[in-house]
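Down below is the structure, laid out as C-alpha cells.
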Protein chains: 2
Amino acid sequence: MSNDVAAKLAAEAAVAAKAVAVLSTEQKNIVLQSFADKIRQATPTILAENRAEVAEATANGTAAAMIDRLTLTAERIEAMASAIEQIIQLPDPVGLTRQIEQRPNGINIAKRRIPLGVICMIYEARPNVTADAGALCFKSGNAVILRCGREAIKTSLAIAAAMRQALAEHNLPDAVISIVPDPDRNLLLALLKQDDYIDLVIPRGGEGLIRFVTEHSRIPVIQHFKGVCHLFVDASAKPEMALNLLINGKVQRPGVCNALEGLLVHQSIADSFLHKVAAALAENHVKVHACAQSLPYFSGASVIAEDEFGQEYLAPEIAVRVVADFDGAIAHIDRFGSQHTEVICTEDQANADRFIATVDTAVVMHNASSRFSDGGELGLGAEIGISTSKLHAYGPMGLEALTTEKYVVTGVGQTRV
Amino acid sequence: MSNDVAAKLAAEAAVAAKAVAVLSTEQKNIVLQSFADKIRQATPTILAENRAEVAEATANGTAAAMIDRLTLTAERIEAMASAIEQIIQLPDPVGLTRQIEQRPNGINIAKRRIPLGVICMIYEARPNVTADAGALCFKSGNAVILRCGREAIKTSLAIAAAMRQALAEHNLPDAVISIVPDPDRNLLLALLKQDDYIDLVIPRGGEGLIRFVTEHSRIPVIQHFKGVCHLFVDASAKPEMALNLLINGKVQRPGVCNALEGLLVHQSIADSFLHKVAAALAENHVKVHACAQSLPYFSGASVIAEDEFGQEYLAPEIAVRVVADFDGAIAHIDRFGSQHTEVICTEDQANADRFIATVDTAVVMHNASSRFSDGGELGLGAEIGISTSKLHAYGPMGLEALTTEKYVVTGVGQTRV
C-alpha cells in the first residue's frame, strides 16, 4: 500500500521533471513570479491553517523553539514570497556549457549543466522550506517531492496549493511540486526505495532524522548531521579581532549550525587572552565548559572532560580549551569537528595557509566569522541545504548543487580506431 | 567479528588518508614511479600467483571471457606499470583553487579541490584494477580499500604487495592501499557500513554486484548498472557516416558498455538505409533483433517484442527499430536507455541541438562513435569508473571525480551583522 503510493508519487514526479528540465530561464522566472503572487494571495488561507496547527502544537506541549519555527505571520508569508522573487534574480545554472577540449581526432568534448531530475526534501516543522525548496528546485529545472513533518503539514499543503495553482495556470503538471499528504513513516520508507525515479534526498532536521534517512535510503542522501564549529586563536592573533569573532560566532544567533561551539586558544597567549574572553563571555551571558587549564579564568564555569568535547550546544554555551600548539588545535578539530566550518584567527600567513590546507571541513575561514557559513553570506543567493559529507557537494548548497553535468561530444563521423 | 575487521581496516585507511592528502604533486609522482618499478620487479611473483589462480578457475569451469580477464602475462604486467607512468603525467586536481567572489563586506570566497578521503573499490576478477585504482586514488590524494573477487585475490595481493613496498620505502603507511584479504560476503557487508571512515564506494562489475552494493551500503555508491547505448539515424543523416558509426559502435568491441545495443532509424529513410544496414551487419556477422517494420530487410533476424528492447547484449547482436520521427527516438531512449551514451547521426543542426538538450544520458554524441565514451577517449587520461547516476559525477570519472571542493573564506576580522 505505502509502496504503491510512493511509487506513483515518484513516477509522476519523474515525468513532470522532464517538463521542467526543458523550460527556458525566462519561462521559469515567469512561473516563479506566479508562485510569489499566488502565495501572497493565499495569505488568509495559509494563516488559517497555520493558526490551527500552532494551536494544536501548543496544546500538545511542543517546545517553544519549535512553535516559533512553525508559526507564520503575514510578514513571514511576505518574506517567503519575496525570497522567491530573489530566486528569480539568481543566474540559472542549467544549460551552462564549458568547453573541455578538442581531441587529436577532431571530436569536441564539452560539459553541459543539466537538472538532477527529482529531488525529495524531507523536513520537520518549517513551513517556509515548502516555498524555498519548491522555488529552488523549480529554478534549477527539477521536480520536487516535499515531505513535511506532521506538525506543519496543513500549512505546507496550503503553501504548495498556491504554487500548484501557478503551475496549472502555466500548463505545467501538478507533480512538478508534490507534497506527501501523509507523514506516515512507512510511506517515507517506501519513498526512500524509489531510486528508479528519485535522484537525490535532502533531509533537513535533527541528527536523528538524518541518520534514519541515511540508513534506509537507496537514493543518495545529502548529509548534514550537525555543526560543531571551532575558533582557533593562534599565538599571533589580534586579541580584539579574536574576541569579535568569538562573540559574533557564539552570541549573534546561538541556535544555528554555524554558531561556534568551541574555542581553542594557543597556550602562549592563554593568560592574557583568557582574561578578556572571560569578561566578554560573562557580559554576554555565555556559559563556559572549560578545560582544566582554562578553568581558573572563568568564574562559574564547569570543567569539561575529554570525551565531553564536540557537543553541539545550540545555546549560549561554549567549550574552551587551551592547546599546546598549532598541531594540538588541528588534532582537536580532527577528533571533535563536524566537517562544517572551522576558523583560525592569526596574523601568521603561513599558519593560516597550513590551517586552510590541513583542516578537514567543508568551510575553512581565516579571520572571518563562522556565521558567514551559509548560502546567502557566501554568495550563493539561496541555500537548499548544507552538506557535511564530501560527495556531490560539500558545504552550503545553492542552485548549482541541484544540477549535474553531462558530456556533450560532437564530431563529423569519427570512429574509434 | 566481520564488523571488527571492517572497522579496523576502515579506521586505519582514514588515518592513512590524512598522510596522502598533504603530499605535494612531486612527492606523489615519485611514489607512483616507485609503484611502477616495484610492480615490474615483482613480475615473476605476480605471474606465479596468477598462474595458480588461472589453473584453479579453469578447473572450476569458469567462462572463457572471465579467464581472459583474469589472466596476466609479462606484457600485461608491463602495461599495468606503464599505465601508472601515464598517471604520473596527468595534472593533479588537488589544491586547484578557484576564486568565487569578494563579498560587499570584503570577505573573499574561494573553492579549493581536496581529496575525498577513503575510496572503497569493489571489483571482480580483474587484477589490473588493483594497480589502476591504487595509482588513481593515490594521485588524487586518497587512501583506497581494494576488495577484489575471490578468483583474483592472490594475484591482486601480489600486485598490492609491490605497491605497499613502495609506500614503506617512502615512509607512508601501509593502509594508504589496503586490500581486503578475505572475499567473504559478511566482511563486505560490514565494510559497507563504515560510513564514519569511508567516503565513497565504487563497484565495478555486473549489475547484480552493483545492486547488491547499493542496497546494503550506508556510504555513497557510484552506480554503473549497464550500458544500453543507441544510435539514432535521423532523416538527414549521411548514410555512409551512419553506417560507419553503427559498425564501429557494434563491432569494434561488442562486449563493452559503450558498444551499441540499439539502432533507431527515422522512417523517412528506412527503406534505402536498412538495405545498407542489412548488408553491413551481415558482413560483420551481427545478429539482428528487428522490429516488425524492419524485419523484412534482415534475413535470419528474429522479431523483437516491445518489452524485449533495452537489453545489453554485450555480443555481436543488436536491436533495430524504425521510429516515426525524432520524438519517437527520444521516447524509445527515455524508456530503454541506461543513461550511459546516446548518439544521433544527423546533418540537421537543430535536431542535433534538440537531441543534445533532451536526451537523458551521461554522454550525448552528435556524429561520433559511442565507443569514444570512456575516460581515455574523452581526455580524462584514465578512468576509475563510469557513473550512470547523476550525483557527484555523471559519465566517465577521472581524477577530478575522486576529489571535492571546500570553501576557503578569508577576511580581516569581519563579523556578521
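Here is the naming used below: chain letters follow the sequence lines, and residue numbers restart at 1 for every chain.
- The greatest number of non-hydrogen atom pairs below 4.5 Å with chain A, out of B:Ser370, B:Gly249, B:Ala368, is found for B:Ala368.
- For chain B, no part of A:Ile247 is nearby; none of its heavy atoms comes within less than 4.5 Å.
- Most heavy-atom pairs under 4.5 Å with chain A, from the set B:Asp360, B:Asp334, B:Thr361, B:Thr214: that is B:Asp334.
- The part of A:Ala362 that comes within reach of chain B is its backbone (N, CA, C, O), which places non-hydrogen atoms under 4.5 angstrom from that chain.
- Residues A:Asp199 and B:Leu391 share a closest heavy-atom pair of O-CD2, 3.2 Å.
- Across all their heavy atoms, A:Thr415 and B:Asn244 have their closest contact at CG2-O, 3.6 Å.
- For the pair A:Val364/B:Val408, a side-chain contact is recorded, criterion being any heavy-atom separation below 4.5 Å from C-beta on.
- How far CG of A:Leu378 is from CD of B:Glu101: 9.0 Å, rounded to the nearest 0.5 Å.
- Looking only at heavy-atom pairs under 4.5 Å with chain B, the residue among A:Pro104, A:Gly117, A:Ser369, A:Gly395 that has the most is A:Ser369.
- With a 4.5 angstrom heavy-atom cutoff, B:Val343 does not touch chain A via any of its atoms.
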Review point. Between A:Lys18 and B:Ile330, does a side-chain contact (heavy atoms from CB on, under 4.5 Å) hold up when you go through it step by step?
Key: CA-CA 12 Å; A:Lys18 293 187 185 290; B:Ile330 294 286; over 6 Å; no
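- Heavy-atom distances place no part of A:Ser389 under 4.5 Å from chain B, backbone and side chain included.
- Using a 4.5 Å cut-off between heavy atoms, A:Lys238 does not touch chain B at all.
- Among the candidates B:Asn108, B:Ile356, B:Leu245, the residue making the largest number of heavy-atom pairs closer than 4.5 Å to chain A is B:Ile356.
- Your options are B:Lys111, B:Glu405, B:Met365, B:Lys193, and the one with the most heavy-atom pairs under 4.5 Å with chain A is B:Met365.
- Neither the backbone nor the side chain of A:Val221 comes within less than 4.5 Å of any heavy atom of chain B.
- For A:Glu347, no part lies near chain B; criterion is any non-hydrogen pair under 4.5 Å.
- When heavy atoms are compared at a cutoff of 4.5 Å, A:Arg103 approaches chain B solely by way of its side chain, counted from C-beta outward.
- Within the 4.5 angstrom heavy-atom criterion, no atom of B:Ile344 approaches chain A.
- A heavy-atom distance below 4.5 Å is found between the side chains of B:Arg416 and A:Phe372.
- Both the backbone and the side chain of A:Gln414 have a heavy atom closer than 4.5 Å to some heavy atom of chain B.
- Contact annotation: the side chain of B:Thr410 never approaches that of A:Asn367 to less than 4.5 Å [non-hydrogen atoms, C-beta and beyond].
- Minimum heavy-atom separation, A:Val359 to B:Lys406: O-NZ, 2.8 Å.
- At a 4.5 Å heavy-atom cutoff, the contact between A:Pro396 and chain B is made by backbone and side-chain atoms alike.
- Among B:Gln339, B:Gln223, B:Arg371, the residue with the largest count of heavy-atom pairs under 4.5 Å with chain A is B:Arg371.
- Most heavy-atom pairs under 4.5 Å with chain B, from the set A:Ala21, A:Ser217, A:Gly413: that is A:Gly413.
- Here the side chain of A:Glu215 pairs no donor or acceptor atom with the backbone of B:Arg218 at under 3.5 angstrom.
- For A:Ile107, the part lying under 4.5 angstrom from a heavy atom of chain B is the side chain only.
- Only the side chain of A:Arg112 comes within contact range of chain B, judged by heavy atoms closer than 4.5 Å.
- For A:Ile109, the part sitting under 4.5 Å from any heavy atom of chain B is the side chain, from C-beta outward, and nothing else.
- Using a 4.5 Å cut-off between heavy atoms, A:Asn105 contacts chain B through its side chain alone, with no backbone atom that close.
- Remark: B:Thr403 OG1 to A:Lys390 NZ distance equals 11.0 Å, nearest 0.5 Å.
- In this structure, A:Tyr407 and B:Tyr394 approach most closely via the heavy-atom pair CE1-O, 3.6 Å.
- If you measure heavy-atom distances from A:Met241 to chain B, the contacts under 4.5 Å come from the side chain alone.
- Contact count against chain A (heavy-atom pairs under 4.5 Å) is highest for B:Asp374 among B:Asp195, B:Val22, B:Asp374, B:Thr341.
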